Amino acid sequence: MSTPSFPPLFNGQSVEGRTDPFDKACIEAIKGCDAGLVVYNLGANMLRAAIVFAPDVALKEGMAILPLCGVGFQNALGALAPPEVAVHLDWNGGLRINGASCGRFRIAASGTDPEVEPDWLVVGLELPLWPESDDTGLTPDQTTLYAEGCVEVDAAALLESWVKHSLVGINRWLDEGVAPLHKDWRGLAHGMGDPIENAGQSGVFLGVDENFGMLLRDDAAKTCLIPLTSVLETH
């Protein structure tokens, strides 16, 4: 497996074994590392990586980096995988390939106040490459990258492409605002228009507000908002 290379202003740091790149990136961010650090662990069965960001906006607006990285991944895999491979995104960071769950995105920040500009944001990616067991029939709703016809996709190349396409998305966000990201994300969103349960609330997933908060309509036709900050992990 080759060593990934990243665009200018991004700095790669490889970790091995059981070291979680997401936790490592959060620790480095707390220590004051520069934005653009990419911590990654290219295991035999799993691609794990995390990117440190420093958005110059309030947290509620900066949370857009989560769906942005999801769209970046879809663009990255779309450039490397066969054309029939479909990627969709769960609102809370879940990743789906050809309809089945296949890893997830995670996000953490220096604080949780939606009105305050965070010192840092970290977005993590966990992508299973090969099944942990040969008996995949036990988990028909879960899949892996290579089980979906992507065996020719090199994990290091996919990581490179994800970072590059996410950078393109960030530059577009800065230049054009959040509207293009909303359009791209809606085309990939899983479950929109369907009944779902999230954060202890159930209803029909109507869509998202300007800051990607989930809009749910319950049985009483009442619409509630679940802010995207609710998916933040604490570190």
Side-chain angles (χ1 to χ4, degrees), residues 1-7 10-29 37-53 65-108 122-167 188 190-191 231 233 235:
M1 189 176 293
S2 59
T3 300
S5 60
F6 302 109
F10 284 84
N11 178 38
Q13 180 178 338
S14 175
V15 294
E16 298 180 351
R18 296 185 177 180
T19 302
D20 185 345
F22 184 77
D23 291 339
K24 178 65 173 176
C26 289
I27 291 171
E28 295 301 318
L37 176 65
V38 183
V39 185
Y40 60 92
N41 187 327
L42 300 178
N45 295 327
M46 179 78 73
L47 186 166
R48 293 183 292 165
I51 308 174
V52 179
F53 299 98
I65 200 69
L66 179 64
L68 186 153
C69 285
V71 172
F73 178 86
Q74 189 276 335
N75 291 336
L77 186 59
L80 299 171
E84 64 271 16
V85 175
V87 174
H88 290 91
L89 305 171
D90 290 334
W91 174 81
N92 62 1
L95 179 60
R96 293 174 181 269
I97 296 182
N98 292 338
S101 176
C102 187
R104 61 170 178 158
F105 291 94
R106 308 165 64 187
I107 187 167
V122 171
V123 174
L125 167 65
E126 297 176 353
L127 180 71
L129 303 176
W130 289 108
E132 294 292 336
S133 168
D134 291 335
D135 194 356
T136 56
L138 296 175
T139 54
D141 58 337
Q142 298 180 19
T143 190
T144 65
L145 181 67
Y146 296 151
E148 296 301 324
C150 299
V151 290
E152 301 300 324
V153 176
D154 178 71
L158 179 57
L159 174 58
E160 288 180 9
S161 188
W162 175 51
V163 174
K164 291 175 182 177
H165 281 281
S166 296
L167 176 58
L188 302 173
H190 174 77
V231 307
E233 299 186 25
H235 276 76

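Because the structure is a prediction, the values reported are computed rather than measured.
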Can you name the closest pair of heavy atoms from Tyr40 and Leu42 and give their distance?
-> CD1-CG, 3.8 Å

Output the distance between atom NZ (Lys24) and atom CG (Asn41), rounded to the nearest 0.5 Å.
-> 12.5 Å

All heavy atoms of Trp130 vs all of Ala44, minimum pair found to be CD1-O, 3.4 Å

Exercise: identify the closest heavy-atom pair between Val39 and Pro21 | O-CB, 3.4 Å

Looking only at atom types and distance, does a side-chain atom of Tyr146 sit under 3.5 Å from a main-chain N or O of Pro131, one as donor and one as acceptor?
-> no

Considering only distance and modelled atom types, tabulate donor-acceptor pairs under 3.5 Å from the side chains of residues 10-18, sequence neighbours left out.
none

Could I get the full list of salt bridge (charged side-chain N to carboxylate O under 4.0 Å, His left out) partners for Lys164, not counting sequence neighbours?
-> none

Correct closest heavy-atom pair for Glu160 and Phe6 would be CA-CE2, 4.3 Å

Val123 versus Phe53: any side-chain heavy-atom pair under 4.5 Å?
-> yes

Can you see which heavy atom on Phe105 is nearest to which on Leu89, and at what distance?
-> CE1-CD2, 4.3 Å

Starting at CZ of Arg48, measure out to CZ of Arg106 and round the result to the nearest 0.5 Å.
-> 9.0 Å

What do the steps show when you test Leu158 against Leu145 for side-chain contact (heavy atoms from CB on, under 4.5 Å), and what is the final call?
-> CA-CA 11 Å; Leu158 179 57; Leu145 181 67; 4.0 Å; yes

Considering the options Leu159, Val163, Asp154, which one meets the side chain to side chain contact (heavy atoms under 4.5 Å, CB included) requirement together with Pro4?
-> Leu159

Intermediate values then yes/no, side-chain contact (heavy atoms from CB on, under 4.5 Å), Leu125 and Leu95 = CA-CA 9 Å; Leu125 167 65; Leu95 179 60; 4.3 Å; yes

Who pairs with Glu148 by salt bridge (charged side-chain N to carboxylate O under 4.0 Å, His left out), at least two apart in sequence or on another chain?
-> none

Sequence neighbours excluded - salt bridge (charged side-chain N to carboxylate O under 4.0 Å, His left out) pairs with any residue from residues 72-81 = none

Partners meeting salt bridge (charged side-chain N to carboxylate O under 4.0 Å, His left out) with Arg96 (sequence neighbours left out) = Asp90

Just distance, no hydrogens or angles: give the donor-acceptor pairs under 3.5 Å from side chains in residues 66-87, sequence neighbours left out.
residue: Asn75; atom: ND2; partner: Val71; partner atom: O; Å: 3.4

Look up atom CG in Leu127 and atom SG in Cys150, then write down how far apart they are to the nearest 0.5 Å.
-> 9.0 Å

side-chain contact (heavy atoms from CB on, under 4.5 Å) between Glu233 and Phe22, intermediate numbers included | CA-CA 11 Å; Glu233 299 186 25; Phe22 184 77; 3.6 Å; yes

To the nearest 0.5 Å, atom SG of Cys102 lies from atom CG of Asp141 at 12.0 Å

Which heavy-atom pair separates Leu47 from Ala155 by the least distance, and what is that distance?
-> CD1-O, 3.4 Å

